[in-house]
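Hydrogens, waters and symmetry mates play no part in the numbers below; they use all other heavy atoms, side chains included. First the proteins, then the strands, lettered A, B, ... as listed; each starts at 1.
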Amino acid sequence: GQQLNQSPQSMFIQEGEDVSMNCTSSSIFNTWLWYKQDPGEGPVLLIALYKAGELTSNGRLTAQFGITRKDSFLNISASIPSDVGIYFCAGQFKGSEKLVFGKGTKLTVNP
Amino acid sequence: GAVVSQHPSRVICKSGTSVKIECRSLDFQATTMFWYRQFPKQSLMLMATSNEGSKATYEQGVEKDKFLINHASLTLSTLTVTSAHPEDSSFYICSATRQGWADTQYFGPGTRLTVL
């Protein structure tokens, strides 16, 4: 089936550092979504992107929808301990409500 | 807004019994609800898509007789794991899309199922 390549798989950073993760695909997506999942919880929507080239911020988070519609990145600035968790990208094809998920980026923030 | 709840949050059952998991959209009407399964340290795997009043659409490899889905209203969908076995133990998560906002799925908190 379709797959999103999400990288890196895991990150270990110090509090205060900036973080960047990305997803790429061989397919064109109509929508990109970024979710965060804490242990034992469901994913929480962070940012939704609907237009190629779109750059959207949510507090310390910034995400962009790639111009080719085949990639997206998520940046977290000035990381804090509560940023710890697994971040998933998800793409959605035009006309479909289904999501294709990346494999996740596990973020660890050392105080 | 866009809150999705699941009940129960965790359940332990004996092998051979059936377990029902509820998914509710609390502050919106959900055009579509989705059921996912997640194994430890893995991504979410879509099991089925359900629309109110119609039969669920199952993904390839998912047994429809094993995982019964009922979407009785625009705010409630249920997943019943029938004749559960230890290999059915997993984290089950539902999501819902709002009417007019089909691009965005809002997820429930998940249900941890353990089959002994």
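For Q60(B), no part sits under 4.5 Å from any heavy atom of chain A, backbone or side chain. Both the backbone and the side chain of K98(A) come within contact range of chain B, each with at least one heavy atom under 4.5 Å from a heavy atom of that chain. The contact between Q37(A) and chain B is made entirely by side chain atoms (from C-beta outward), counting heavy-atom distances below 4.5 Å.
A salt bridge does not link D83(A) to K36(A): none of the charged nitrogens lies less than 4.0 Å from a carboxylate oxygen. The pair R24(B)-E22(B) counts as a salt bridge, with a side-chain nitrogen and a carboxylate oxygen less than 4.0 angstrom apart.
If you look at Y36(B) and Y92(B), their ring centroids are not closer than 6.0 Å. Aromatic pair Y50(A)/F65(A): ring centres not closer than 6.0 Å.
The candidate from S95(B), C94(B), G110(B), P109(B) with the greatest count of non-hydrogen atom pairs under 4.5 Å with chain A is P109(B).
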